[in-house]
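Just below is one structure, and these are the notes that go with it.
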Amino acid sequence: MAEKTDVPSIAVLGSINMDLVATTDRRPVPGETVLGTGFAMVPGGKGSNQAIAAQRAGGAVQFLGAVGDDVFAAELRRALTDSSVGVEQLRTVAGPSGVAAIVVDGGGENSIIVVGGANTRMTELTEADLAAIAAADILLCQLEIPLDTVAAAARHARANDTTVLLNPSPVQHLPAELWANVDVAVVNSGEAEQLGADLDPVAHVVVTRGADGAVYRGPDGRQLSQPSPRVEVVDTTGAGDTFTGALAAAWHRGPEWALTWAGAAGALATTKLGASTSIPTEEEISAALTTK
Ligand code: RIB
């Protein structure tokens, strides 16, 4: 394993989307039209959200991904640079950027449709991408870019002693070879249920349970349970991403501390509208833990 420092270097390989967010008291059922209460355009995407969260929570992050050449591209890039995430490996491809149509109801719960756009063009890793993965302490991936690229990145990370943290979302069946290269999996309870025994070979599994906190299972069968701080929920979009990014930033301090840190970060992310706009800083997470 690479030498651990207080500021872990994290390569985040994943998606970046413009989130088109409509708020409404109640989400429509199929065939129904409801009136909305507001609209916002907020940079998002699981990869970008996790990169920003990991950087703000104390990591040194490089983002590996793609935007299109459309009107959204500059703002998506700026969302990363404004948070000091490294974008040397963010490429621009012809065509639209990824977008997500999101409906948030009065209880803060959401429904999301992602149209991949430029994210689907992440079909190959460049030499510079591979070098960034090899040099990092942690590789952090999700599943909003082509699966073969995630598998190749995990294989390269394993070969170079880079810890692989996978958030397998949107959930899908994965090849055994990919699971074999994953050190840490972060899933929500629905995903844990769907993946079932697929998670067995993974040394460290973290299951997030919304307001009920998170549980951890280690390689020796050790279990930890972390309650979630009580907060006033406005929007849960990106809360799982914030938890995952913060977990990656704190992983070198051990699972117990990482769960505490990530739990506070994830809870704070539910208190504002939008994905990237609700991600707390290191100082905000520390303050929340101190005043608990
Ligand atoms: O996890 C939340 C994210 O999922 C949103 O930002 C949206 O872009 C989708 O990727």
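Remember, it's 1-based here, ligands and their atoms both numbered in the order they're listed.
- If you number the atoms of ligand 1 from 1 as listed, the ones under 4.0 Å from a heavy atom of G44 come out as 6 (O), 8 (O).
- Contact atoms of ligand 1 toward N49: 2 (C), 3 (C), 5 (C), 6 (O) (distance under 4.0 Å to a heavy atom of the residue).
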Using the side-chain contact (heavy atoms from CB on, under 4.5 Å) rule, take H252 and D137 through it: C-alpha gap first, then chi angles, then the decisive distance, then the call.
-> CA-CA 9 Å; H252 63 294; D137 294 318; over 6 Å; no
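- Near V114, meaning under 4.0 Å from any of its heavy atoms, are these atoms of ligand 1: 9 (C), 10 (O).
- Side chain to side chain, T237 and D235 meet the donor-acceptor criterion of an N or O pair below 3.5 Å.
- Distances below 4.0 Å separate heavy atoms of D241 from the following atoms of ligand 1: 1 (O), 2 (C), 3 (C).
- Within 6.0 Å of atom CD in E193, 12 or fewer heavy atoms from other residues, nucleotides or ligands are found, so the atom counts as exposed in its surroundings.
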Apply side-chain contact (heavy atoms from CB on, under 4.5 Å) to the pair T242 and T270, showing each step before the final yes or no.
-> CA-CA 10 Å; T242 300; T270 66; over 6 Å; no
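- For the pair G238 and ligand 1, the shortest N or O to N or O distance does not fall below 3.5 Å.
- Considering backbone and side-chain atoms together, D19 places an N or O closer than 3.5 Å to an N or O of ligand 1.
- Looking at ligand 1, you'll find an N or O of N17 within less than 3.5 Å of one of its N or O atoms.
- Around atom CD of E177, more than 12 heavy atoms belonging to other residues, nucleotides or ligands sit under 6.0 Å away.
- The distance from ligand 1 to the heavy atoms of A275 drops below 4.0 Å at these ligand atoms: 6 (O).
- Other residues, nucleotides and ligands place more than 12 heavy atoms under 6.0 Å from the CG atom of D82.
- The neighbour count for E32 CD, taken as heavy atoms of other residues, nucleotides or ligands under 6.0 Å away, is above 12.
- Shortest contact from atom 4 (O) of ligand 1 to any protein heavy atom: K46 NZ, 3.1 Å.
- Going from atom OH of Y216 over to atom CD of E256 covers 10.0 Å, rounded to the nearest 0.5 Å.
- Near A100, the atoms of ligand 1 lying under 4.0 angstrom from a non-hydrogen atom of the residue are 7 (C), 8 (O).
- Ligand 1 places these atoms under 4.0 Å from at least one heavy atom of E144: 4 (O), 9 (C), 10 (O).
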